[in-house]
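By convention here, the first residue in the shown sequence is residue 1. Order of appearance sets the numbers: ligands from 1, and atoms from 1 within every ligand. Reckoned from all heavy atoms, side chains included, excluding hydrogens, waters and symmetry mates.
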Amino acid sequence: MTELSARGLSVDLGRRHALSGVDLTLRPGRLTVIVGPNGAGKTTLMRALAGLLAPAGGQVTLDGRPVTRIASAERARSIAYLPQGGSVAWPLPVFEVVALGRLPHGEKPDSLPPPGREAVSAAIHAVGLEGFGARAATDLSGGERARVLLARALATQAPVLLADEPVAALDPRHQLVVLEVLRRQARAGRTVAAIMHDLTLAARFADEMILLNRGRIAVSGRPETVLTEAELAAHFGIQAHVSQDGGRLVVVADRPLPEPGQDAV
Ligand SMILES: Nc1ncnc2c1ncn2[C@@H]1O[C@H](COP(=O)(O)OP(=O)(O)OP(=O)(O)O)[C@@H](O)[C@H]1O
């Protein structure tokens with residue numbers, strides 16, 4: 001059971017304050033969805049949580065230990081990170097790309113021990129890519145490749161899984177497949193966070209949501225607390241209609257609100 005926390009987290013990128021004073025705790029057993037407008041700092045936050053960016057202030061801790069002080073191999077075994085829009089550089093077979101997720105365990109793709117091989121096969125199965133194992137990962141569609149990269153992260157079997165826009169490239173069925181995988185990971189006791197832009201889908205799967213805007217947490221909590229028409233207007237700049245359909249939250253973006261100082265069209 002692994003808890004990932006940020007306290008007073010600030011990150012500068014060049015001269016830009018990308019994150020300021022972020023406090024959050026990602027808990028085992030929960031799927032937390034991070035939302036926010038473009039440029040809000042979501043990717044920066046996830047990279048800092050993964051220990052890939054050094055904070056300018058505050059800190060990120062994994063079960064109380066500062067994440068940037070954990071040796072990289074141990075960190076990679078503890079936190080699986082799926083970057084946004086990841087690519088595959090080499091024409092390796094899908095099985096071998098997914099098997100790269102076992103490297104933090106010291107297991108090489110061409111000589112996996114049985115438990116490692118099982119983890120790779122289970123990850124390929126989880127994302128619905130059976131039958132793709134021998135295909136070159138460079139010869140796949142964007143959505144297929146996105147699922148290969150998620151499978152690589154799953155194959156690590158890390159107690160923490162951080163996924164940056166894991167469903168952005170996927171068709172509706174595979175969006176559901178992947179979100180069900182993330183929810184199952186959480187239900188199995190892992191600590192799971194995902195960045196998403198589809199607010200209705202996010203509300204359906206999130207145990208908890210964090211709305212980030214201008215590098216700060218604007219609001220967090222249950223989806224119905226975060227996704228109110230007022231919060232959507234204030235932070236996404238949209239007039240939206242939020243309703244309940246059979247107990248599910250539905251967000252329909254009606255129109256963009258004028259930027260402050262801009263005349264309505
Ligand atoms: N390498 C960089 N140097 C300077 N500024 C950067 C750098 N990378 C990102 N930024 C800026 O930091 C801010 C946060 O970027 P970030 O990628 O975290 O946003 P995001 O919320 O993930 O956005 P999106 O929804 O568009 O993916 C943005 O204003 C961006 O322009």
Side-chain angles (χ1 to χ4, degrees), residues 4-26 31-60 67-68 75 79-87 142-143 145-147 149-150 153 160-170 175 178-179 182 191-206 208-221 223 226-227 231-238 240 251-253 255-257 259-262:
L4 192 60
S5 296
R7 287 289 165 265
L9 176 67
S10 301
V11 174
D12 293 343
L13 296 174
R15 295 198 340 235
R16 183 181 295 273
H17 299 303
L19 289 180
S20 307
V22 170
D23 291 313
L24 61 83
T25 301
L26 303 180
L31 170 54
T32 303
V33 176
I34 302 168
V35 298
N38 289 142
K42 303 179 296 297
T43 293
T44 306
L45 173 60
M46 199 164 262
R47 286 174 54 75
L49 288 172
L52 302 172
L53 281 176
Q59 65 176 6
V60 174
V67 75
T68 45
R75 205 170 60 211
I79 304 174
Y81 169 60
L82 176 71
Q84 182 177 11
S87 59
R145 200 162 47 242
R147 286 187 282 139
L149 295 174
L150 173 62
V160 180
L161 173 61
L162 303 177
D164 192 345
E165 297 200 27
V167 300
L170 306 188
Q175 289 185 353
V178 162
L179 287 165
L182 297 186
T191 302
V192 185
I195 295 173
M196 290 176 66
H197 280 296
D198 182 328
L199 301 176
T200 298
L201 206 53
R204 177 154 163 214
F205 282 89
E208 195 165 341
M209 292 182 84
I210 294 173
L211 197 171
L212 207 64
N213 192 15
R214 298 172 194 270
R216 294 176 183 276
I217 293 181
V219 53
S220 64
V226 173
L227 299 179
E231 300 289 3
L232 296 172
H235 303 294
F236 283 91
I238 54 169
V251 179
V252 177
R255 62 183 186 89
L257 294 169
E259 301 262 5
Q262 189 185 359

(Q) Using a 4.0 Å cut-off on heavy atoms, what residues surround ligand 1? Order them by chain and number. (A) Leu13, Arg16, Pro37, Asn38, Gly39, Ala40, Gly41, Lys42, Thr43, Thr44, Gln84, Glu165, His197
Q. Between the side chains of Ser10 and Arg216, does any donor sit under 3.5 Å from an acceptor?
A. no
Q) Residues in side chain to side chain donor-acceptor pair (under 3.5 Å) with Glu231, at least two apart? A) His235
Q) Who pairs with Thr43 by side chain to side chain donor-acceptor pair (under 3.5 Å), at least two apart in sequence or on another chain? A) Gln84, Asp164
**Q.** Gln59: side-chain contact (heavy atoms from CB on, under 4.5 Å) partners, not counting sequence neighbours
**A.**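 Listed in chain order: Thr61, Pro66.
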Q) Do Leu19 and Leu212 pass the side chain to side chain contact (heavy atoms under 4.5 Å, CB included) test, and can you show the C-alpha distance, the side-chain angles, and the key distance before you say yes or no? A) CA-CA 9 Å; Leu19 289 180; Leu212 207 64; 4.2 Å; yes
Q) Near His197 NE2, under 6.0 Å, is it more than 12 heavy atoms from other residues, nucleotides or ligands? A)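 Enclosed.
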